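In this chain, numbering begins with 1 at the start of the sequence shown. Just so it is clear, the values below take in all heavy atoms, side chains as well, and ignore hydrogens, waters and symmetry mates. Being a predicted model, the structure only gives us computed values, none of them experimental. In listed order, ligands and their atoms are each counted from 1.
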Amino acid sequence: MARAVTFDERGPVGLMGIDNPPVNAISHSVRCGLHDAMAQAAKNPRIKALLITSDGKQFSAGADITEFDRPQGEPSLQQVQTAIEFSSIPIVAAIGGLALGGGLELAMACHYRVAHKDAKLGMPEITLGIIPGAGGTQRLPRLIGAGAALNMILSGTPISALEAKDKGLVDDVVEGDLRHAALSFCERLVQEGRGPRPTCNRSVSDSLDEAEIASALLAHARALKGRSTQQLVIEAIKASRLPFAQGIAIEASIAQKSLASRESLALRHVFFAERESGKLSGASTIHNKRTQTPAIQRVAVIGAGTMGSGIAVAFADAALDVMINDNDPASLTRSREVVSSTYASSVRRGRIAQSVADERIRRIRHAHTLAEVADADLVIEAVFEDVETKKDVLTRLDSALPAERVIATNTSTLSVTELARATAHPERVLGLHFFVPAHASRLLEIVRTEHTSPESLATAFRIAKLLKKVAVVSRDAFGFIGNRMMLDGYFREAEQLLLEGATPAQVDTALENFGFAMGPQRVSDLGGNDVGTKARAQLFKRDSRPDPYFVIADRLTEMGRLGQKTGRGFYTYENGSREAVSDPEVHNLIEKLASDRGIRRREINDEEIIERCILSLVNVGAMVLEEGTAARAADVDVVWTSGYGFPRHLGGPMFYADTLGLSHVLEGIRHYHEKLGHYWRPARLIERLASSGSSFEAWDRTSASP
Ligand code: T1G
């Protein structure tokens, strides 16, 4: 077994160095290494104190998540912590970078903690649908109080070293060389005769009363909507009032329960799926081995509209230099205003300091000639969504740039293949489909054509990593992955339900109760009904769809009811408010459209709304897979959880379909196919998987075509 922990002596201090790249996860080999190092130190009378340090950026990202679904060899993390806590000599943790989950729990079992001022300490377990399972719910309350511990665990987000010191979680915050400072701290302990200080022997200073629990739940209600782990966290923290041995046993039992929950299986599925989606086997192999993609420091964005400006901000946020080019001075002026207001809003919300905003704004230059575009390491066009306009831009870029430089198009509706063929080097052209707002949305669809080279693809993955976006590769087809499923499945069914008798508020509320961040009609009003109408018109140049296909949204566009931006859409928005108020005029319009189509309206319950919207989404998702537009079902889950508000704790549409069982899913699709006709035709992949009792997860393992 590779040595995941090194051991050195520094005078009276034994140095235990965790070395388990890439994030120092506390794997079995790390636990064995710590156990062996402590045994080695125990035999050495010169050692009077021990220091746990780590190599690499992180102190530790926590327990090794890849071990969760298999027996975890001894010693367990709890056993290592007990050995630390009852050591005869003091043990100190030197925290640099991130100390998360089991990593922080390991540090809390130490007698003292020294953190670098840039370190961050957190308990993100709840983001994986589990509770801290290595004493976090018992030691954290003993160190910072039960109320503070509850909020820190429910939030799942790390706190700074200084905040940790203020709370009593760390004993010292240092600058400069952490290891040197921590060694000095240990030497002082020895000189001063300060021995072990078992955290488990402390008592909890405060009790969790109902008011405090309610306020903590309210503070995290939005992030924990539809979740259940928070109740388990509360139960475990309450047990910290008991003697430690009892509390830790209760925590262990609750932790096992959380680990087996569907919520945790779904969240862990998404966690790993987001990392796998950026690793299309061919390109990432090339990226990692043969092809060292060129460094990317300067980016040119062609087109100073909303998307272009948002993309520029995304790159400036990633500390890259950006040139926004537009031949219309007025557009450049508007873009400067958009960039400034975007950063002003981030400063106003406390997301970044003014100095950071200023530095990023300085990274963005506006130019009206393409003269300097040849200096860019990457060029993205985000000009008007018109095929001839984009072809013209790509042709000019193609001749201005060296042949190996990647040219990306931000189109969301046009054929990337057709655009690429307007160049002499289609192998370097691909789509980078950003989602509005480009600087904030996590998802980036990378659209490959049959010409796209692995090297270009590898560059696109590198860009996604630089932008901290979740990358999913789509082949070039109608709506790529997300919009294809939204248009042909989910949103289309929502409109059908309106024609058949449901109201916008009923459809939206039903789907928001299911777990979507926002229902389809509210999303359409937010983005603009005209934006959808225009996109569908463009898409229809590639591949048309039979009526009724968004007849309501298109009619609202014709009426100028564009949504929030005009104060009226599917709903009305009084005096610029964002609150969606139902509008009888829209109900009358829908009734007329239904009547014109001979549709007899009826009462529709929420269960039918959810079933039809979700099953249609899954069905089209399966078509996207069988057509090869998406390589894996897990990629489809990533698209919908990171880009379209599908509830993460349900794992994404394809994972959710697996939990329902594909036979049940197929039965529902067939039922609606008989009732509603052609566009409910069951995807052949679902028929095949259902008939063999298989699943999308199994298909990914055996047949996915990355
Ligand atoms: N275990 C195993 N592998 C992990 C891991 C972990 N905890 N964290 C990251 N990885 C892998 C990841 O899959 C990827 O692998 C590589 O490391 C780089 O990750 C007992 C039970 C730390 C902020 O929830 O949030 O402790 O794709 O791409 O963007 O109570 O990783 O290269 O093969 O994300 O720089 C609690 C999860 C665990 C933290 C770094 N800890 N990790 O982000 O790199 S549960 C967490 C992260 C626990 C205890 C409980 C991030 C990061 P590959 P990356 P990054």
Side-chain angles (χ1 to χ4, degrees), residues 4 18 20-31 54 56-70 72 75-81 95-109 118-140 149 152-153 155-159 229 232-233 236-237 248 251-261 263-265 267-281 284-285 287-288 318 442 461-462 464-471 634 638 642 648 706:
I18 300 175
N20 185 28
V23 294
N24 286 333
I26 302 186
S27 60
H28 183 229
S29 57
V30 169
R31 301 195 301 271
S54 67
K57 280 193 310 183
Q58 322 296 3
F59 173 73
S60 167
D64 187 335
I65 311 174
T66 64
E67 291 183 353
F68 284 5
D69 296 327
R70 58 176 191 258
Q72 297 186 26
S76 67
L77 180 49
Q78 290 84 345
Q79 286 168 324
V80 171
Q81 290 170 303
I95 300 171
L98 292 169
L100 301 178
L104 179 53
E105 289 170 305
L106 174 70
M108 288 193 285
D118 296 335
K120 290 195 180 303
L121 302 85
M123 303 297 289
E125 286 87 341
I126 201 163
T127 64
L128 296 172
I130 53 181
I131 73 161
T137 66
Q138 307 303 306
R139 291 191 178 91
L140 191 59
M152 188 168 168
I153 295 172
S155 81
T157 50
I159 61 175
T229 314
L232 300 178
V233 168
I237 290 179
I248 200 89
E251 177 196 81
S253 155
I254 296 171
Q256 278 309 316
K257 187 175 163 188
S258 69
L259 208 53
S261 71
E263 186 170 307
S264 178
L265 294 170
L267 289 165
R268 281 182 272 149
H269 163 72
V270 175
F271 176 88
F272 286 116
E274 287 183 345
R275 285 151 182 83
E276 281 312 303
S277 65
K279 290 183 197 170
L280 201 64
S281 53
S284 60
T285 307
H287 174 53
N288 296 335
R442 294 186 66 228
F461 282 126
R462 182 176 184 150
K465 192 85 179 163
L466 277 173
L467 295 175
K468 293 190 171 44
K469 289 196 182 286
V470 178
V638 170
S642 62
R648 210 181 154 83

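- Within the 4.0 angstrom cut-off, atom 55 (P) of ligand 1 has no protein heavy-atom neighbours.
- The shortest heavy-atom distance from G136 to ligand 1 is not under 4.0 Å.
- Distance screen at 4.0 Å: atom 27 (O) of ligand 1 has a protein heavy-atom neighbour inside the cut-off.
- In terms of polar-atom proximity, G133 is counted as a contact of ligand 1, with an N or O under 3.5 Å from an N or O of the ligand.
- Protein heavy atoms are absent from the 4.0 Å sphere centred on atom 43 (O) of ligand 1.
- Of all protein heavy atoms, the one closest to atom 34 (O) of ligand 1 is R275 NE, 2.8 Å.
- At a heavy-atom distance under 4.0 Å, only side-chain atoms of P22, from C-beta outward, approach ligand 1.
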Residue pair Q72, H28: steps toward the side chain to side chain contact (heavy atoms under 4.5 Å, CB included) verdict
CA-CA 7 Å; Q72 297 186 26; H28 183 229; over 6 Å; no
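- For ligand 1 and A61, the ligand atoms under 4.0 Å from any heavy atom of the residue are 7 (N), 8 (N), 22 (C), 36 (C), 39 (C), 41 (N), 46 (C).
- Against a heavy-atom cut-off of under 4.0 Å, G101 is close to the following atoms of ligand 1: 26 (O).
- Of all atoms in ligand 1, listed by their number and element, those nearer than 4.0 Å to a heavy atom of F68 are 21 (C), 45 (S).
- Geometric assessment of R275 against the ring of F271 yields a positive cation-pi assignment under the 6.0 Å and 45° thresholds.
- Counting only distance, with no hydrogens or angles, the side chain of E125 and the backbone of I130 share no donor-acceptor pair below 3.5 Å.
- Between E276 and ligand 1, not a single N/O pair is under 3.5 Å apart.
- Of the protein's non-hydrogen atoms, K279 NZ, 4.7 Å is the one closest to atom 15 (O) of ligand 1.
- Less than 4.0 angstrom separates some heavy atom of P132 from each of these atoms of ligand 1: 30 (O).
- Per-residue contacts place L98 under 4.0 angstrom from the following atoms of ligand 1 (heavy atoms of the residue considered): 23 (C).
- Within the structure, the closest approach of K465 to ligand 1 falls below 4.0 Å when heavy atoms are considered.
- Heavy atoms of E105 found under 4.0 angstrom from ligand 1 belong exclusively to the side chain.
- Taking only nitrogen or oxygen atoms, main chain and side chain alike, I65 reaches within less than 3.5 Å of ligand 1.
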Please determine whether side chain to side chain contact (heavy atoms under 4.5 Å, CB included) holds for the pair N24 and V30, giving the CA-CA distance in whole Å, both sets of side-chain angles, and the decisive distance to 0.1 Å.
CA-CA 8 Å; N24 286 333; V30 169; over 6 Å; no
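- For ligand 1, the atoms closer than 4.0 angstrom to any heavy atom of G102 are 26 (O), 48 (C), 49 (C).
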Would E67 and S27 count as a side chain to side chain donor-acceptor pair (under 3.5 Å) if you check the C-alpha gap in whole Å, the side-chain angles of each, and the deciding distance to 0.1 Å?
CA-CA 7 Å; E67 291 183 353; S27 60; 4.7 Å; no
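- Checked by distance only, ligand 1 and V23 stay at 3.5 Å or farther apart across all their nitrogen or oxygen atoms.
- Looking at atom 47 (C) of ligand 1, its nearest protein heavy atom turns out to be F271 CE1, 4.1 Å.
- The single protein non-hydrogen atom nearest to atom 35 (O) of ligand 1 is K57 NZ, 4.4 Å, given as residue, atom name and distance.
- Close approach to G62 involves these atoms of ligand 1, each under 4.0 Å from a residue heavy atom: 26 (O).
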